[in-house]
Amino acid sequence: MERRDFFKKGTKAAVAASVVPMITTAHGGPKDIVYNRDTDKWYNLGSGKTGIPNRKKTADYDVVVIGGGAAGISAAVAAARNGSKTVLVQDRPVLGGNASSEMRVHLNGVNRLKNGKAERETGIIEEMLLLNRFCNEQEAYTVFDHVLYEYVMREPNLTLMLNTQAIEAVMSGSKIKSALCWQSTTEMLYTLNAPIFIDCSGDGLLAATAGAEYRTGREAASEFNETFAPEKADGWQMGATLLMSSKDMGRPMKYTPPFYAIKYDYKKAHPKRNIAGFQNGIWWIELGSDDDIIADYEENRHRLMGYLHGVWDYIKNSGEFPEAENFALDWVGSLPCRRESRRFIGDYIVSEKDLTEYKHYPDAVAFGGWPIDEHIPGGIDNITEPPTHFHYHFHDLYEFPFRSLYSKNITNLMFAGRNVSQTHIALSSSRIMATCALMGQAVGTAAAICNQKNTTPRQVGKKYINELQEQLLRDDVYIPKRPAKDPNDLAKKASLIFASTTSSGDAKLLTNGISRDIDGKINHWMSKGLPAELQLEWNAPIALSAVEIKCDTNVNRNIMMRKDSRNDELFTNGVPEEMTKAIKIQGRVNGKWTNLGAIDNNQTRLIKFKFNSTKVTAIKINITETYGAKDVKLFEVRCYA
């Protein structure tokens, strides 16, 4: 593909998005689009000078990440932490994507296995959700926006650009040279240069303008031997949803629908279109498309607003829901939450049987387990059908391969989220945000390796997949059936590991490379009471500068924010009580114990201690407090020179 000259040719994408200023004739067209400020007659009273505003900037990075949802945040943070100068470009004023205050979707993950339990994601996505539990006890979605903002902004190697959309890729052959980005609040056109680009935007405009191969719609069952796919391929894509919430005002509240409300008849609807729990929103007010779901977005948004008010009118004024008499809408979404649009093609396309048959990949970097949850064609236009088909419930985790997270034909482009290389049916499960976040951490880490090795994502998959997996495991990502084997981990070389007390597990299990109890097997040590001590011994002195510990946050209990603020066996609306709060590290130097570090208010599962290189013959880990549990449980200890 030839390099695109944005300023001469313009861009169809920019026209569609209406983001580039236009100077047109009376009957203008795409050829009239320019970005020329020469006629900007700025007279600055403060300086007394006339000039032209500078509205073009160029910046160089190691990694450009497009899209600030769960996947994009995870990708950007992972790349930055692993040494790449990174920029995160988000087209909204807030982070979080579908989980933000603009949309308010529960940030689900693997929390609906057949046994009813979660098998929660750890790593960067857990750090975000835990930070929210510490900083947002009131569970306010607008505060969650700011929690995510803090989480991103505190990374020293990461730049955040809000209100900015990537509108065009500048190409050199099969490689992206730059992303042209329009920041609406500053009228600024940015040229962002980098060797690696990651598109986590969902719709994938940058990737599409780069010429990355993609498909939309539903595959025929015969193409991938899928049980739940239609007999013939078609263009249907799962719908976008518009949410709302209501509040009990303590007195009767009237409701008059707007003129654009679309009448909704609950009596003609399928019984699974359940209105119970209307206080927290109704997830099936959705519309899809059998053609160009991106081009249809604004039309669908308007119709969804009509349907939303039509459903609320039915709840309030039909007489069928007397319990709604005192309720009023207290928040109404204006930005529909998308489920599906472009799916870009990688070296491998994940399909239904890969999930249901639990295929094992040597290049696995993420996992999933949400049911195959396919929302029906037509959405709320088709009320006689159930709003979704839960085709399949998983009893175990499935793996997701790295080969599906980079472009088949654009050499320096990766993806994470709902736009990765998979079929429509596979997407019906893997589109869940926490699963997308695991993909994000994987590609962000891979991007850093690309920069370190001066190579491409495909070559990372072929030559450096072990290095990628080991770094993900070290950074607290769980990869099914892939224990950690880091040769640099000095804890594995300890001659002795023992604890002051043990109520379950064994201290020796802390170096077995598996950082959770899984498949019915124990991989932990748990104390009998607090305080508790754990000790590692080496036969000869070793130089030590880092100790990393994975504590217990109960991955079988969900911690995402919910509108109903559930707090039961499956959900917690607070900090996990099992989590380690106060911990300190000592090293034995010349026969005497020396303090190496202490944390009094730990807020992460992966606890890191860094200190000046010290020669020790042993370390002692002392835990004095959790967030409520009477015993402490650890899953891994690592030591590095």
Side-chain angles (χ1 to χ4, degrees), residues 4 6-7 9-22 30 33-35 37 55-59 61 63-73 75-76 86-103 145 148-149 152 158-171 176-194 197-212 214 240 292-298 300-301 334-338 341-342 344 410 413-419 440:
R4 299 162 188 251
F6 178 81
F7 301 108
K9 293 184 179 179
T11 168
K12 292 180 181 178
V15 177
S18 299
V19 294
V20 177
M22 299 183 188
I33 300 173
V34 297
Y35 192 71
R37 302 297 292 243
R55 297 290 196 264
K56 295 177 186 177
K57 288 186 178 180
T58 300
Y61 294 94
V63 179
V64 174
V65 180
I66 309 299
I73 294 172
T86 304
V87 61
L88 176 59
V89 179
Q90 166 69 333
D91 62 354
R92 304 300 304 169
V94 295
L95 295 163
N98 282 352
S100 74
S101 66
E102 294 186 312
M103 303 187 199
D145 293 340
L148 296 179
Y149 184 78
V152 168
L158 179 55
T159 299
L160 174 62
M161 296 175 63
L162 294 175
N163 299 299
T164 307
Q165 184 177 25
I167 54 177
E168 180 96 6
V170 178
M171 303 300 296
I176 301 175
K177 288 181 63 177
S178 310
L180 297 177
C181 302
W182 171 252
Q183 190 171 62
S184 60
T185 51
T186 61
E187 302 177 357
M188 196 74 67
L189 184 68
Y190 284 92
T191 300
L192 304 181
N193 304 315
F197 292 82
I198 305 174
D199 196 324
C200 303
S201 65
D203 289 341
L205 176 58
L206 179 78
T209 63
Y214 68 91
D292 188 345
I293 198 168
I294 296 172
D296 294 343
Y297 187 84
E298 283 301 310
N300 283 347
R301 176 198 55 75
S334 298
L335 194 66
C337 324
R338 273 203 185 127
S341 55
R342 298 182 178 101
F344 291 90
I410 304 300
L413 175 63
M414 289 185 279
F415 321 104
R418 60 180 173 85
N419 61 356

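- When every heavy atom of Ile410 is checked against every heavy atom of Ala210, the shortest pair comes out as CD1-O, 3.4 Å.
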Arg418/Ser341 under side-chain hydrogen bond (donor to acceptor under 3.5 Å, both in side chains): CA gap, chis, key distance, verdict = CA-CA 8 Å; Arg418 60 180 173 85; Ser341 55; 2.8 Å; yes
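- A distance-only check finds a donor-acceptor pair linking the side chain of Gln183 to the backbone of Leu162 [under 3.5 Å].
- How far CE of Met171 is from NZ of Lys177: 10.5 Å, rounded to the nearest 0.5 Å.
- Within the 3.5 Å criterion, the main-chain N or O of Pro336 finds a donor-acceptor partner in the side chain of Tyr297.
- Residues Tyr214 and Ala208 share a closest heavy-atom pair of CE2-CB, 3.9 Å.
- Of the candidates Val89, Thr58, Ile66, Val89 is the only one forming a side-chain contact (heavy atoms from CB on, under 4.5 Å) with Leu192.
- Note that CG of Asp145 is 7.0 Å distant from CD of Glu102, once rounded to the nearest 0.5 Å.
- Closest of all the heavy-atom pairs between Ala76 and Leu158 is CB-CD1, 3.8 Å.
- Atom CZ of residue Arg92 and atom CG of residue Asn163 lie 8.0 Å apart, to the nearest 0.5 angstrom.
- Tested against Val65, the residues Val87, Ile73, Thr86 include a single side-chain contact (heavy atoms from CB on, under 4.5 Å) partner, Thr86.
- Side-chain atoms of Asn419 come within 3.5 Å of backbone N or O of Asp199 as a donor-acceptor pair.
- Taken from OH in Tyr190 to CG in Leu180, the straight-line distance is 13.5 Å, to the nearest 0.5 Å.
- The two residues Ile167 and Trp182 have their closest heavy-atom pair at CD1-CB, 4.2 Å.
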